[in-house]
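Single-structure report; data block below.
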Amino acid sequence: MPELPEVEVVRAGLEPVVTGAVVTSVVVREERSLRRHGGPAEDFAERLTGRTMLPPLRRGKFLWIPLVPRGADEHPDALLVHLGMSGQVLLRDRTVEDRLTRIRVDVDSPGHGPLRLAFVDQRMFGSMALDRLVPTGVVGERVPAQVAHIARDPLDPRFSDAAFLAALRARRTGIKRALLDQTLVSGIGNIYADEALWAARVHYDEPAAALGRVRAARVLAEVRLVLARALEEGGTSFDAQYVNVNGASGYFSRSLRVYGRQGEPCPRCGRPIVRERFMNRGSHLCPRCQRRPSPLPPVPLAEV
DNA sequence: ACACAAACCTGCCGGC
DNA sequence: TGCCGGCAGGTTTGTG
């Protein structure tokens with residue numbers, strides 16, 4: 001369940017259950033699901049067993065559970081999770097078993113007793129890892145080392161609109177590329193990029209720097225709006241692949257305006273939505289509301 | 001800086 | 001029925 005709202009649904013679902021929970025046993029059934037872990041499965045299991053979990057945190061599509069350090073001088077670390085395209089974190093009774101469970105982390109939860117945190121991942125693009133926490137520059141704030149290069153997301157209170165808009169103006173690339181660049185702004189994936197651009201009436205290939213302040217701000221506002229609305233609806237689920245920690249689907253697919261709706265009328269003007277190939281994936285847009293930008297004029301020779 | 005392709009994977013769907 | 005190409009919400013890495 002990949003984009004920000006879906007990952008946040010998982011984080012929020014884990015919080016009341018795993019906070020204060022103690023890891024009693026770890027079973028790695030698929031070593032490839034530890035791609036992000038810097039070491040063998042035995043290392044992962046040994047270092048995680050016996051640890052106590054702190055409230056889960058998230059940045060963009062990365063989720064992590066900080067762990068209480070074993071000793072005062074030990075480097076703080078966290079159980080890092082990225083869901084990739086098809087990953088799930090499910091809270092289950094320990095008796096439940098299925099073949100797509102790649103990693104099992106059994107915990108004793110202070111409020112919920114013995115439980116299993118199951119990392120389920122059909123395609124194995126996601127992974128877990130133990131990662132050390134590094135300072136961000138904000139006093140008292142740390143993130144996993146693998147998250148250090150990821151920008152804050154638009155729902156982060158410390159996200160700077162002004163800095164993001166300035167960075168957009170400096171970008172010599174199209175707006176959708178910029179929105180999907182997790183080092184510029186995180187949490188946005190293919191669905192919500194298409195939805196926000198439709199809402200802002202901006203074509204995906206419009207040069208980011210040429211948007212102008214008003215339209216750029218509009219894009220950011222629509223991004224924030226669609227992420228927040230999707231979160232309220234429990235995220236976007238097209239099938240049983242994208243679910244919360246209890247295995248339940250979100251309802252935002254009903255609210256999608258363009259994603260996956262090629263051929264259907266634009267909710268605003270009635271023209272059929274089209275799907276185009278862009279960045280090796282589908283881009284959905286209304287060809288009337290989102291006009292393709294005219295090519296940039298050639299740079300005069302005198303300026304070269 | 002930026003664009004692009006490939007790599008990492010499984011499963012489903014439509015067409016033949 | 002079976003096979004095959006195309007499709008899927010992500011990130012990283014290497015090349016140009």
Side-chain angles (χ1 to χ4, degrees), chain A residues 1-10 29-38 58-63 80-89 98-103 119-129 131 144-151 153 167-197 204-205 207-209 223 226-227 230-231 233-244 249-253 255-256 258-263 275-284 296:
Chain A
M1 8 195 330
E3 304 183 44
L4 185 154
E6 294 78 31
V7 180
E8 175 57 22
V9 163
V10 172
R29 302 178 65 208
E30 174 55 71
E31 191 128 14
R32 288 175 292 179
S33 291
L34 286 178
R35 192 171 300 115
R36 292 170 183 278
H37 182 70
R58 181 191 54 72
R59 175 172 289 187
K61 306 169 195 171
F62 283 85
L63 166 67
L80 178 67
V81 187
H82 196 290
L83 300 174
M85 295 278 268
S86 57
Q88 307 172 346
V89 176
D98 75 81
R99 65 191 184 87
L100 292 180
T101 298
R102 312 298 187 183
I103 299 172
F119 182 68
V120 177
D121 188 6
Q122 179 198 109
R123 293 176 70 186
M124 294 187 287
F125 283 2
S127 72
M128 286 187 149
D131 199 10
Q146 295 183 48
V147 179
H149 69 292
I150 301 293
D153 59 66
L168 266 192
R169 262 176 267 132
R171 275 280 162 138
R172 300 165 108 79
T173 189
I175 182 62
K176 184 170 174 181
R177 274 204 168 80
L179 292 179
L180 294 178
D181 182 346
Q182 306 295 304
T183 67
L184 194 62
V185 54
S186 70
I188 306 165
N190 206 34
I191 294 180
Y192 299 117
D194 283 3
E195 292 296 313
L197 289 171
Y204 59 77
D205 217 9
V223 163
V226 73
L227 292 178
L231 180 54
E233 299 285 328
T236 299
S237 307
F238 297 129
D239 52 41
Q241 244 350 246
Y242 304 96
V243 294
N244 66 15
S249 295
Y251 293 100
F252 196 70
S253 61
S255 306
L256 296 175
V258 288
Y259 189 89
R261 300 204 181 279
Q262 56 272 26
R275 178 181 179 279
E276 297 177 1
R277 203 77 198 158
F278 179 66
M279 292 177 74
N280 267 325
R281 60 221 303 194
S283 275
H284 309 76
L296 289 175

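Hydrogens, waters and symmetry mates are skipped; everything else that's a heavy atom, side chains included, is used. Just so we're clear, the structure is a prediction, and the values are computed from it rather than from any experiment.
Atom CE in A:M279 sits roughly 13 Å away from atom P in B:dC2 (whole-Å rounding). Counting to the nearest Å, the C1' atom of C:dT12 and the NE2 atom of A:H149 are 8 Å from each other. Per the geometry, CG belonging to A:D98 stands 16 Å off P belonging to B:dT10, to the nearest Å. Remark: P of B:dA1 and CZ of A:R172 are 11 Å apart, rounded to the nearest angstrom. Spacing between atom CZ of A:R177 and atom P of B:dA1 amounts to 17 Å, rounded to whole angstrom units. Distance CZ (A:R275) to C1' (C:dG9): 13 Å, rounded to an integer number of Å. Rounded to whole angstrom, the span from the CD atom of A:Q146 across to the C1' atom of C:dT11 amounts to 11 Å. In this structure, CE of A:M85 is placed 14 Å from P of C:dT12, rounded to the nearest angstrom.
Within the 4.0 Å cut-off from OP1 or OP2 of C:dT11, at least one side-chain nitrogen or oxygen of A:K61 is found. A:H82 has a side-chain polar atom (N or O) that falls below the 4.0 Å cut-off from OP1 or OP2 of C:dT11. Contact annotation: A:R102 side-chain N/O to B:dT10 OP1/OP2 distance is not under 4.0 Å. Considering only side-chain N and O atoms, A:R123 lies nowhere under 4.0 angstrom from the phosphate OP1 or OP2 of B:dC8. The shortest distance between the side-chain N/O atoms of A:Y192 and the OP1/OP2 oxygens of C:dG9 is not below 4.0 Å. Contact between the side-chain N/O atoms of A:N190 and the OP1/OP2 oxygens of C:dA8 is not found at any separation under 4.0 Å.
Atom name P, nucleotides C:dT11 and B:dG11: the rounded distance is 22 Å, in whole Å. To the nearest whole angstrom, the two P atoms, one in C:dG5 and one in B:dA6, are 16 Å apart. Annotation: C:dC7 and B:dA5 have their P atoms spaced 14 Å apart (nearest Å).
Distance from the side chain of A:M124 is smallest to B:dT10 among C:dG10, C:dT11, B:dT10. Side-chain proximity of A:T173 to the nucleotides C:dG9, C:dT12, B:dA3 is greatest for B:dA3. When the nucleotides B:dT10, B:dA5, B:dC2 are ranked by their closest atom to the side chain of A:R171, B:dC2 comes out on top. Of the candidate nucleotides C:dG10, C:dT11, B:dC9, B:dC9 has the atom lying nearest to any side-chain atom of A:R32. In the set B:dT10, C:dT12, C:dG9, C:dG9 carries the atom at the smallest distance from any side-chain atom of A:I191.
Base pairing of B:dA7 is made with C:dT11, judged by Watson-Crick or G-U wobble geometry with both donor-acceptor distances under 3.5 Å.
With rounding to the nearest 0.5 angstrom, the OG1 atom of A:T101 is 12.0 Å from the CD atom of A:E30. The line from CZ of A:R177 to CZ of A:R172 is 15.0 Å long, rounded to the nearest 0.5 Å. A distance of 10.0 Å separates CG in A:L168 from OG1 in A:T173, rounded to the nearest 0.5 Å.
If you check every strand for non-hydrogen atoms under 4.0 Å, A:G282 touches sugar and phosphate atoms only. Using a 4.0 Å heavy-atom distance criterion, A:D121 is classed as making no nucleic acid contact.
Within the 3.5 Å criterion, the main-chain N or O of A:D121 finds a donor-acceptor partner in the side chain of A:R102.
The environment of CZ in A:F238 is crowded: more than 12 heavy-atom neighbours from other residues, nucleotides or ligands sit within 6.0 Å.
Residue-to-nucleotide proximity on DNA chain C shows that, of A:N280 and A:R36, the 5′-proximal contact is made by A:N280. Nearer the 5' end of DNA chain B, as judged by each residue's closest nucleotide, is the contact made by A:R35, out of A:R35 and A:Q122.
Taking the six-membered ring for Trp, A:F252 and A:Y259 have ring centres at least 6.0 Å apart.
A:K176 has a carboxylate O that lies under 4.0 Å from a charged side-chain N of A:D194, or vice versa, which qualifies the two as a salt bridge.
Stacking of A:F125 onto the six-membered ring of C:dT11 is not present when judged by under 5.5 angstrom between centres and under 30° between planes.
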